Amino acid sequence: MAYWLMKSEPDVYNIDTLRKNSCEMWGKSVRNYQARNMIRDDMKIGDGIFFYQSNCKDIGILGIAKVASKPYPDPTQFDKNSHYFDEKSSKDDPRWFSIDVEFVRKFSRTITLAEIKAEKTLEGMILTRRGNRLSITPVDENHWQKILSLE
DNA sequence: GCCAACGTTGGC
DNA sequence: GCCAACGTTGGC
């Protein structure tokens, strides 16, 4: 069992939509190889996911989801009308992958980025590393537990 | 809206 | 295979 943190921009997708729909395909906009490798190779059913929102007023972790499927080829890479169409990808050898993500719960409050940065024991989280731009990052179990305790 | 940091692209 | 130019991310 591993833990992850997924970024989302609330304008594009927010946690209330995930709560309403319960389960959603995730990764159809991920076009970064490092993130792709994590989706394809490392994420397992049942893994915990922090739902983080960026590029907005209330930056931070809003709640928890979990991995609900094995990785599968992201359908948008084959869709000519999609913004995420990739002509270099083929169905025999798909380049990009998605997984299903299931809503678990929303925190009673947002654990803000400022709090996370201020917390000594959370030093070293990939999230707070300078220049980090990955939409998915692994989370250490002790960091996971610590953030839960902050709620 | 600014800008630093990074990934990707493409000419050579 | 190098590297400059460009596009994107994302905190502030």
Side-chain angles (χ1 to χ4, degrees), chain A residues 2-21 24-43 47-67 71-101 103-140 142-151:
Chain A
Y3 301 96
W4 305 94
L5 181 144
M6 284 178 149
K7 290 184 195 169
S8 176
E9 295 183 33
D11 289 350
V12 179
Y13 191 82
N14 68 68
I15 193 167
D16 295 317
T17 311
L18 181 62
R19 171 157 59 184
K20 197 177 71 186
N21 297 342
E24 293 256 44
M25 175 170 69
W26 191 285
K28 62 183 171 187
S29 62
V30 175
R31 293 291 182 266
N32 170 286
Y33 286 103
Q34 246 182 299
R36 188 281 308 271
N37 292 346
M38 285 189 269
I39 294 174
R40 190 188 59 185
D41 306 331
D42 301 328
M43 300 186 83
D47 282 359
I49 300 167
F50 281 138
F51 193 108
Y52 175 90
Q53 66 178 20
S54 62
N55 244 329
C56 59
K57 254 176 85 181
D58 304 304
I59 301 166
I61 298 171
L62 299 191
I64 299 174
K66 66 180 179 184
V67 179
Y72 53 89
D74 167 10
T76 62
Q77 70 193 305
F78 307 124
D79 178 0
K80 279 190 179 153
N81 298 318
S82 168
H83 177 65
Y84 301 110
F85 176 68
D86 184 348
E87 61 176 6
K88 291 177 183 166
S89 184
S90 73
K91 291 198 174 174
D92 292 338
D93 185 20
R95 184 178 283 192
W96 307 111
F97 286 81
S98 298
I99 50 160
D100 289 341
V101 164
F103 178 81
V104 175
R105 72 186 180 88
K106 191 172 173 178
F107 289 157
S108 54
R109 66 182 193 88
T110 302
I111 313 297
T112 65
L113 179 62
E115 270 180 274
I116 292 166
K117 282 184 167 172
E119 188 61 51
K120 268 260 158 60
T121 54
L122 293 176
E123 265 177 22
M125 276 192 80
I126 295 174
L127 175 69
T128 53
R129 274 184 211 165
R130 186 186 174 89
N132 163 54
R133 294 169 23 176
L134 285 173
S135 50
I136 301 168
T137 55
V139 175
D140 290 347
N142 58 329
H143 293 160
W144 176 273
Q145 298 298 348
K146 180 64 190 177
I147 285 165
L148 290 183
S149 77
L150 289 176
E151 182 192 2

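These numbers come from the heavy atoms of this one structure, side chains and all, not from hydrogens, waters or symmetry mates. Please read all numbers here as calculations on a predicted model, not as lab measurements. Numbered from 1 within each chain, the chains take letters A, B, ... in sequence-line order.
- When atom types are taken as modelled, the side chain of A:Asn32 and the backbone of A:Ala35 share a donor-acceptor pair closer than 3.5 angstrom.
- Qualifying side chain to side chain donor-acceptor pair (under 3.5 Å) partners for A:Arg31, counting only residues two or more places apart in sequence or in other chains: A:Asp74, A:Thr76.
- With sequence neighbours excluded, the residues satisfying ring pair (Phe, Tyr, Trp, His ring centres under 6.0 Å) with A:Trp144 are A:Tyr3, A:Phe50.
- Annotation: cation-pi geometry satisfied between A:Lys91 and A:Phe78 (NZ/CZ under 6.0 angstrom from ring centroid, within 45° of ring axis).
- For A:Asn142, the side chain to side chain donor-acceptor pair (under 3.5 Å) test picks out no residue, with sequence neighbours left out.
- When each of A:Arg133 and A:Lys88 is assigned the nucleotide of DNA chain B bearing its nearest heavy atom, the one mapping closer to the 5' terminus is A:Arg133.
- Taking a 4.0 Å limit (strictly below) on heavy-atom distances, residues 49-60 of chain A reaches DNA chain C at A:Tyr52, A:Ser54, A:Asn55, A:Ile59.
- Once rounded to the nearest 0.5 Å, the distance linking NZ of A:Lys146 with OG1 of A:Thr121 reads 4.0 Å.
- Checked against ring pair (Phe, Tyr, Trp, His ring centres under 6.0 Å), A:Tyr33 has the following partners two or more places apart in sequence or in another chain: A:Trp96.
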Please walk me through it: do A:Arg129 and A:Thr137 pass side chain to side chain contact (heavy atoms under 4.5 Å, CB included)?
CA-CA 11 Å; A:Arg129 274 184 211 165; A:Thr137 55; over 6 Å; no
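- Taking the 5' to 3' direction, DNA chain C first and last meets chain A under 4.0 angstrom from a heavy atom at C:dG7 to C:dC12.
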